[in-house]
Structures are given as C-alpha cells and as structure tokens.
Amino acid sequence: MHFNNLVLDLQEIKKKYPENPLEFFKGKKLCLFKACLEKYFPGVRWGFQDLLEELQLDVSICKDQSCCSGTFFQRNLITRAQFSAINERNLSEMNRQADIVLVSCNGCYNSLLRGRDFLKNTEVRNKTQKILNSVKKKADGEKYPGMYDILENPKLKVVHDLDFLYLIRDDLVNALKFDLKGLKVAVHYGCHYLNLSRDKKNVEDFLESKTKLEELVELFGGVPVDYKERESCCGWGASQLLINPHEALKITYNKLKSAENVEADFILMPCPTCLYTLSKPEYREKIEEWFNEKLEIPTIHLNELIAILQGCEEDRCITLRRKTPRLEEIFEIITQQ
Amino acid sequence: MDDYTDSDWNWEFYEELVDDVDENKNIIQCISCGKCVGDCPAAKVSNFNSRKIIMKVLRGDKSVLKDSDIWYCYLCERCKRVCPKENINIPLLIINLRNESFRKGYGPKYSNLRKYVEMSERFLTQGTVVENPLGGTLPQERVDEIYEICNFARIKYVFKASKSDQSKKNKKKTK
C-alpha cells in the first residue's frame, strides 16, 4: 500500500502561482480542524474563519471530527493502532467534505501526520484495519463506501495555519485594518512545529531555521525581538505540567522571563496548547508562588492577532481572555486610530 | 559514564523493543555524542538523560523500566532535530519504554491524576477533552465508534477506575 504525503505541497503552489498563491485555494473546499483547546480561545477559530471568508474562500467545520487523541497516545493510554484508527476516521470524514484541512494547533497537526506515519508499518496497519472492521461490524454497516477503510491516496491535504498565512501573506496584509505600531514581539513556534520532520520533504527543510513568524511580525508593522529561550518548550510537554508541575513550570517561567528580559510587548505563537500553558492565570500564580516573580507578559495566538489586526470586535476575538495580563492594553494600542 | 565491559552487552532487551516497534532498531546507530541531552528541555529541569537511556537499552539493562527518569520526557522531538544520525526516534523509544514499564507494573497510577481521569472520561463519552467544545458536540454514533476503538486500551481502565472510585465515594456518602 502506498501512502502519499498528506502535507500540502507549498513549494508546488509557489511554483504554479508565484504572483498570487491565494488563487490556488479559490474554488477549493477548506475545512478548519477543531482543536479542543480553541474552546478557551475562540478567537483562534473565529479570527481565522473571518479572514478566510473575507478572502472569499469556501470554509467549513467537520461536525464528525473528534479530538485528535494525541494526548492519549502520548500518555500511553491508547496504542499506535488505536491512535491511527481514530485518526483515519477523522481523515475519512474530512476527506468527504473538503480538499484541504487547516490546523491551528501544533499538537493536532503532529497527530494527523503521525497517525498516517504509523500506518507505513505493516503490523500497525493490519491492526488498525482490524479495529476499523470491528467498528464497522458494531455500527451495523457503513453509511458510505470505504467509511471504515484505511484511506488510500486521499485527496485531502493538511496545512498548518502558520504555513498557510505565510504563503498568502501579501493578500493577508491587504486584508488588515490595523498594524502593530512598532510593538516588540517575541515569537514562540512550539516544539511540534519547530522540531517536526514529518511534514518536511528533505532533511534541509527540517534543519533550516524557522523565521516565518518573525517575517509576518515585520509585515504587520511590528519588531521581532530575539530572546534566549526562543526555541524552548512552553512547558506543557505532553502533559508534564499535570504530572511534574514544578519542573514543567520552571520551563514556562524561563520562557516568559526570557521574553520579558528583552522587553517584548507580547509573545506570539501558532498553537493553542502553548497558549494555554503560557497564559493560564493559575499557572502564572503558581510561577509567582514557586519562583517569587510576577510575570505579566501577554501571550497571543497568531489567529487571534490576525483577528485584532482585522478590526474584529473585542467580544469576538478575545472575549474569554480578560484575565490574561495586559492583553487589553495591547488590544487598545493596536486598534487606536 | 558508568563503567561497562564487553561482557555487559546484551541484545535481548533491544531485540524485544525492536520486535515491538520496528523503528527502535535505529538506536543502534547512536554514537553517544550527547547532543540530544544538551538541547533537551527535560534534562534542564530533571535527571532525564536520553543518551544514558539508550545505552542502558543497548546493554540490556532493564532497570531503565523502573527509572522515574523515563517519565520526564517532554516528547518535544528536539532530540530528533539535533541528532547527527538519521531516523533515531528517541520520543518513540520513550513511549515504548513507558509501555513496557506499565506492563510490568512500574508506571504511575493514573487514578492519582485527576485531570487525566477527567480527560479520558470526556474523550470516551463525548469524543473531546473539554466540556462543551467550540462548535458543538460530536454525534453519538461517532462517540460510540471511539468507545469501540479504545477497547482494551489503558484509557478504558482509567475510565473504569474513576467510575469505581466515584461509586465508592457515593456509597460512603450515603452511609
């Protein structure tokens, strides 16, 4: 069985549409992958959805898509075959309704690709199909052909939101109402974007330094600032924050402190799990208690920032984030006329 | 590093792990350069040392399964990026070692991790890890599929343990 790469080939799009890569997406069906943690940061989904609609792209959500289950695989609660079966069911449902799935979370992005990776192993693939057969039997047949089969050469392609936004950056900038007014921005890519090899064609792409976020910040009128812990983990570490909180929060503390040391106005990231870790008020309180330092640097997801720069109503893009330190201050600075 | 002699090499454990996860065979290429440790977030805050763990596996030292160190890995994949050898997948090896550790009864007790119990319960009953997810809940037939897929997985034992704890608590309350 041959497994084609699920990752959208950005180089190919750039070659075919050098002047306007957005054209490639026109007329295609796009689907937003629902990351569980978007619940706490609805601007991550809504901000992005608003942008795609403004760019006149056909965008939807797949109601049959479940959690990616990466967190359970990483904590040894499900096997590789079970993880791949859950992933195949999600891919199968999305493959029916869309051409491209866009992912706002590094964890979900990693899961979608990892589930397919595991299927390259014959034993895992056989076990996965056996599981899907058993589901099919219990479900009393299938609603559409191939519903419970491992997908062979699906048309569906996967792209991370950051890669998409960078690709269409010229159109993106034209769609924005505000700019960053010279704010200093520390960027955080997140481990499962920065260190991922699954989505790369060759080792050079894997090892090259990642600068897309910095380049976007400059385009938005901000100043990217380098800091010592730029490439370090947020501290979540596949639930280390729940299991070994003291050690994990030390990593979170180091990251936040390092960005404050270079006087960044906020930290920008493309992942809601990193955002959850770096912004949760309870974690900031624990940091103050354990490391005797109150850190107030605001943290923003790239999609939320796009929403703010687009002039999205405060209620829609950062409504649930009022407890995040100084976020409203940043909102006011960006949106002042 | 610990002192080992040639007679300490034992491939039995390594072969077991490779038999379980084929990709583990690549750890034989490890040159013990330590780059993975130098760039590791876990190594900065704990005794986690991927180089030592690989050496223990290659020497057949099964005490690694009892080491609390293996539970400190952040699975961030940084080691994969800095490793000068291709295809050594330390995070996958760690997940595999944790599985072995669980099988032998050395792993942490999930019933002590309230958050995980809650997340497992929500995943098996709603298909997500949060209550009332953005954009609505999953159709019941899809939730049923997930429950079926997870048959015999540890997640179900965690879920059942939480139900049993809850019923014990309820019984105590009614007494």
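Below, chain A is the first sequence line, B the second, and so on; all start at residue 1.
Contact record, Val59(A) with Leu32(A): CG2-CG, 3.6 Å, taken as the closest heavy-atom pair. Considering all non-hydrogen atoms of both residues, Met269(A) and Cys274(A) come closest at SD-C, 3.8 Å. Smallest separation of non-hydrogen atoms from Gln74(A) and Ala238(A): NE2-CB, 3.5 Å. Of all heavy-atom pairs between Ala153(B) and Gln82(A), the closest is CB-OE1, 3.3 Å.
Residue Asn87(B): no heavy atom, backbone or side chain, is found under 4.5 Å from chain A. Contacts between Val21(B) and chain A at a heavy-atom distance below 4.5 Å involve backbone atoms as well as side-chain atoms. Contacts of Asp117(A) with chain B are absent, with no heavy-atom separation under 4.5 Å from either backbone or side chain. Proximity to chain B (any heavy atom under 4.5 Å) is shown, for Asn106(A), by neither the backbone nor the side chain. Residue Gln65(A) touches chain B through its backbone alone, counting heavy-atom pairs closer than 4.5 Å. In this structure, no portion of Lys120(A) lies under 4.5 Å from any heavy atom of chain B. Both the backbone and the side chain of Ile95(B) come within less than 4.5 Å of a heavy atom of chain A. Only the side chain of Leu92(B) has a heavy atom closer than 4.5 Å to any heavy atom of chain A. Only the backbone of Cys73(B) comes within contact range of chain A, with heavy atoms under 4.5 Å apart. At a 4.5 Å heavy-atom cutoff, the contact between Arg80(A) and chain B is made by side-chain atoms alone. Within the 4.5 angstrom heavy-atom criterion, atoms from both the backbone and the side chain of Asn99(B) approach chain A. Proximity to chain A (any heavy atom under 4.5 Å) is shown, for Tyr72(B), by both the backbone and the side chain. For chain A, the nearby part of Arg142(B) is the side chain; its heavy atoms alone come within less than 4.5 Å. Both the backbone and the side chain of Asn132(B) come within less than 4.5 Å of a heavy atom in chain A.
Residues Ile243(A) and Trp71(B) have side chains not in contact (no heavy-atom distance under 4.5 Å, counting atoms from C-beta outward). Contact annotation: the side chain of Ile78(A) approaches that of Cys150(B) to within less than 4.5 Å [non-hydrogen atoms, C-beta and beyond]. Leu242(A) has its side chain within reach of Trp236(A): a pair of non-hydrogen atoms, C-beta onward, lies under 4.5 Å apart. Taking 4.5 Å as the limit, every side-chain heavy atom of Leu256(A) sits out of range of all side-chain heavy atoms of Tyr283(A). In this structure the side chain of Ser239(A) reaches within 4.5 angstrom of the side chain of Thr71(A), judged on heavy atoms. In this structure, the side chains of Lys138(A) and Glu145(B) stay at 4.5 Å or more apart for every pair of heavy atoms.
Under the 3.5 Å distance criterion, the side-chain polar atoms of Thr137(B) are left unmatched by any main-chain donor or acceptor of Pro133(B). Although no hydrogens or angles enter the test, the distance criterion places a donor-acceptor pair under 3.5 Å between the side chain of Asn303(A) and the main chain of Val44(A).
Under the 30°/60° scheme for interplanar angles, the aromatic rings of Phe118(A) and Phe83(A) are found to stand perpendicular.
Interface remark: of the candidates Asn244(A), Thr79(A), Ile61(A), Asn244(A) forms the most heavy-atom pairs closer than 4.5 Å to chain B. If you tally non-hydrogen atom pairs under 4.5 Å between each of Asp64(A), Ile251(A), Ile86(A) and chain B, the highest count goes to Asp64(A). Note on Leu134(B), Val129(B), Ile146(B): by heavy-atom pairs under 4.5 Å with chain A, the leading option is Leu134(B). Ranked by heavy-atom pairs under 4.5 Å with chain B, the list Gly235(A), Ala81(A), Ser69(A), Cys67(A) is led by Cys67(A). Of the residues considered (Arg45(A), Glu123(A), Lys63(A)), Arg45(A) shows the highest number of contacts with chain B, using heavy-atom pairs under 4.5 Å. Looking only at heavy-atom pairs under 4.5 Å with chain A, the residue among Lys44(B), Met119(B), Lys156(B), Glu23(B) that has the most is Met119(B). Among Cys36(A), Ala35(A), Ala85(A), the residue with the largest count of heavy-atom pairs under 4.5 Å with chain B is Cys36(A). Between chain B and the residues Ala139(A), Ser232(A), Ala248(A), Cys233(A), the largest count of heavy-atom pairs under 4.5 Å involves Ala248(A). Heavy-atom pairs under 4.5 Å with chain A peak, among Ile149(B), Leu75(B), Val130(B), at Ile149(B). Annotation: maximal heavy-atom pairing with chain A below 4.5 Å, among Tyr74(B), Phe152(B), Phe123(B), occurs at Tyr74(B).
Scored by the salt bridge (Lys or Arg N to Asp or Glu O under 4.0 Å) test, Asp22(B) finds Lys25(B) as partners (sequence neighbours excluded). Listed by chain and number, the residues in a ring-ring contact (aromatic ring centres under 6.0 Å, His included) with Trp11(B) are Trp9(B), Tyr14(B) (sequence neighbours excluded).
Below 4.5 Å, heavy atoms of chain B meet heavy atoms from Ile131(A), Ser134(A), Val135(A), all part of residues 126-135 of chain A. Of residues 188-198 of chain A, those residues with a non-hydrogen atom less than 4.5 Å from any non-hydrogen atom of chain B are, in numerical order, Cys191(A), His192(A), Leu194(A), Asn195(A), Leu196(A), Ser197(A), Arg198(A).
The residues Arg81(B) and Glu77(B) are annotated as not salt-bridged, no charged nitrogen and carboxylate oxygen being separated by less than 4.0 angstrom. Here Lys250(A) does not pair with Glu247(A) in a salt bridge; the nearest charged N to carboxylate O distance is not below 4.0 Å. We find that Glu231(A) and Arg78(B) are joined by a salt bridge, their nearest charged nitrogen and carboxylate oxygen being less than 4.0 Å apart. By the 4.0 Å N-to-carboxylate-O rule, Lys56(B) lies close enough to Asp67(B) to be salt-bridged with it.
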Derivation and outcome, side chain to side chain contact (heavy atoms under 4.5 Å, CB included), residues Leu119(A) and Glu88(A): CA-CA 10 Å; Leu119(A) 295 177; Glu88(A) 282 303 292; 3.3 Å; yes
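Using modelled atom types and a 3.5 Å distance limit, the side chains of Glu131(B) and Gln126(B) yield a donor-acceptor pair.
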